[in-house]
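Lettering follows sequence order; numbering is per chain, from 1.
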There are 2 protein chains.
Amino acid sequence: MRNSDSTWQRLTEHKSKHGLKTSGKRSFVINYFIEADRHFTVEELYDEIKKIRPKISYSTVYRALRLLTHCGLAYECTFADAVVRYEPAHQAEHHGHLICRRCGKIIEFENDKIERLQKNVARKYGFRVSTHKLELYGLCKKCREANKERRQ
Amino acid sequence: MRNSDSTWQRLTEHKSKHGLKTSGKRSFVINYFIEADRHFTVEELYDEIKKIRPKISYSTVYRALRLLTHCGLAYECTFADAVVRYEPAHQAEHHGHLICRRCGKIIEFENDKIERLQKNVARKYGFRVSTHKLELYGLCKKCREANKERRQ
DNA sequence: GTTGCTGCAAATGATTTGCAAGATA
DNA sequence: TATCTTGCAAATCATTTGCAGCAAC
């Protein structure tokens, strides 16, 4: 399912719809993001790409991410640290995030039951839900243990 | 429960702990926010306050909101429009938001079942959850009806 | 050849901060 | 009097944009 033909199809459509040309640099950024299939801050993405293709500029990374957002292949997501991150859209659609407040680790999860309950709640208020965002903040196992040790 | 003595107690503690003095302007902003008991962007809060106390500056509003955040009486929350909002802490702790993508209306809700399921999921991954954030985006009843009318 | 893409530097917008003057303790 | 608070303007930070030169069609 992931990064399926439909991803590339959507890109092609977007390209022809907006009269875009193909460019090696932009393609590289887009591919890198899609293949990595995980969260990035702009800085993280730029730094990783710079190691491989040092001539790609910050602007190009920004512009590629904006393109991905516009054609629905990436979502902006802002966790509690107020830093903007981008995540592959197929991931964003049906999952929540577990975020460790100490080490910053981010785990994704899915849960149909929660989703069904969300829809019920929404209906009660006359809403129809199209997307949702669920973030659970706390401490992961490692960090809880690390905290314990420090206290001893 | 809301805006109980403990709110003012926490403010007093924070004041003495950090050697703050009492100032009419800062108190006004803090009071206004706490009594209003709802979400604000900085701009919204500033604009409303300016009507009543025109001599209060943007900086003062910013500084008051930072103070409230630091002593745990307000939370920053960023919905999908990427605009920073502040909300009273007692509200943030146990509820989700329903957000209409068309008119921007924000409704709060609580749901124990969802919370319990969240804790279960977290446990499965070794996490202990301290706070959570649940946002459901969609269309409210009014906006769905408005959309229908336009289509006819 | 026309139009899009890129890097750079400059612009923008939100937020923070330094500082001098005013207010509180 | 000593220290905190305030408004203003300047600084900062992330992000966007104008433009001249390069690249794709």
Side-chain angles (χ1 to χ4, degrees), chain A residues 11-33 39-71 74-87, chain B residues 11-33 39-71 74-87:
Chain A
L11 278 171
T12 311
E13 268 171 34
H14 188 87
K15 250 174 65 175
S16 69
K17 194 168 161 189
H18 292 85
L20 306 185
K21 295 181 175 171
T22 304
S23 117
K25 290 175 180 177
R26 181 165 62 200
S27 300
F28 186 85
V29 178
I30 289 175
N31 269 291
Y32 192 92
F33 178 81
H39 300 94
F40 283 101
T41 64
V42 183
E43 203 186 355
E44 283 162 2
L45 184 56
Y46 172 70
D47 286 344
E48 290 187 26
I49 282 176
K50 198 168 58 173
K51 281 182 201 150
I52 315 173
R53 299 274 304 260
K55 297 233 173 125
I56 293 180
S57 74
Y58 234 109
S59 308
T60 297
V61 174
Y62 266 108
R63 290 192 262 230
L65 284 171
R66 187 167 29 171
L67 187 156
L68 285 166
T69 310
H70 280 165
C71 61
Y75 277 143
E76 286 191 359
C77 59
T78 310
F79 302 136
D81 60 4
V83 176
V84 177
R85 264 169 260 264
Y86 290 83
E87 75 172 337
Chain B
L11 277 171
T12 311
E13 269 172 33
H14 188 87
K15 249 175 66 175
S16 67
K17 195 169 160 188
H18 293 84
L20 306 183
K21 295 182 174 171
T22 305
S23 113
K25 289 175 180 178
R26 182 165 60 202
S27 300
F28 185 85
V29 178
I30 289 175
N31 270 291
Y32 191 92
F33 178 81
H39 300 92
F40 283 101
T41 64
V42 183
E43 201 184 357
E44 283 162 2
L45 184 56
Y46 173 70
D47 286 345
E48 289 188 25
I49 283 177
K50 198 167 58 171
K51 282 183 202 149
I52 315 174
R53 299 275 305 260
K55 295 232 174 129
I56 293 180
S57 73
Y58 235 109
S59 309
T60 298
V61 175
Y62 266 107
R63 289 193 261 232
L65 283 171
R66 188 167 28 171
L67 188 155
L68 285 165
T69 309
H70 281 165
C71 62
Y75 279 143
E76 286 190 356
C77 59
T78 309
F79 302 136
D81 60 4
V83 176
V84 176
R85 263 169 260 262
Y86 289 83
E87 76 171 334

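Out of C:dA9, D:dA9, D:dT5, the shortest distance to the side chain of B:Ser59 is found at D:dA9. The side chain of A:Leu20 lies closest to C:dC5, out of C:dC5, D:dT6, C:dG7.
The aromatic rings of A:His39 and A:Phe79 stand perpendicular to each other, their planes meeting at an angle above 60°, with 30° marking the opposite boundary.
One finds no side-chain N or O of B:Tyr62 lying less than 4.0 angstrom from the OP1 or OP2 phosphate oxygen of C:dT16. Listed pair A:Arg66 / D:dT17 meets the phosphate criterion, a side-chain N or O lying under 4.0 Å from OP1 or OP2. Applying the 4.0 Å criterion to OP1 and OP2 of D:dC22, one finds that A:Lys25 has every side-chain N and O outside that range.
Among the atoms of the strands shown, only primed sugar atoms or phosphate atoms (P, OP1, OP2) are found under 4.0 Å from some heavy atom of A:Ser23. Using a 4.0 Å heavy-atom cutoff across all strands shown, A:Gly24 reaches no nucleic acid atom at all. Counting non-hydrogen atoms under 4.0 angstrom, A:Thr22 reaches the backbone sugars and phosphates but no base.
If you measure from atom CG of B:Leu67 to atom C1' of C:dT17, you get 17 Å, rounded to the nearest angstrom. Rounding to whole angstrom units, NZ of residue B:Lys21 and P of C:dG22 are separated by 16 Å. Per the geometry, NE2 belonging to A:His18 stands 11 Å off P belonging to C:dC5, to the nearest Å. One can place NZ of B:Lys15 at 13 Å from C1' of D:dT5, the figure rounded to the nearest angstrom. In this structure, A:Leu65 atom CG and C:dT6 atom P are separated by 13 Å, rounded to whole Å. Atoms OH (B:Tyr58) and P (D:dT12) sit 22 Å apart, rounded to a whole Å.
For the pair A:Thr60/A:Ile49, no side-chain contact is recorded, criterion being any heavy-atom separation below 4.5 Å from C-beta on.
Looking at every heavy atom in both residues, A:Ser57 comes nearest to A:Tyr46 through C-CE1, 3.8 Å. Nearest heavy atom pair, residue A:Tyr32 against residue A:Phe40, reads CE2-CZ, 4.0 Å.
Donor-acceptor pairing under 3.5 Å, judged by distance alone, is present between the side chain of A:Arg63 and the base of C:dG7.
Mapping A:Val84 and B:Ser27 onto DNA chain D via the closest heavy atom, the residue that lands nearer the 5' end is B:Ser27.
Proximity of a side-chain donor or acceptor of B:Arg53 to a complementary backbone N or O of B:Val29 within less than 3.5 Å is not detected.
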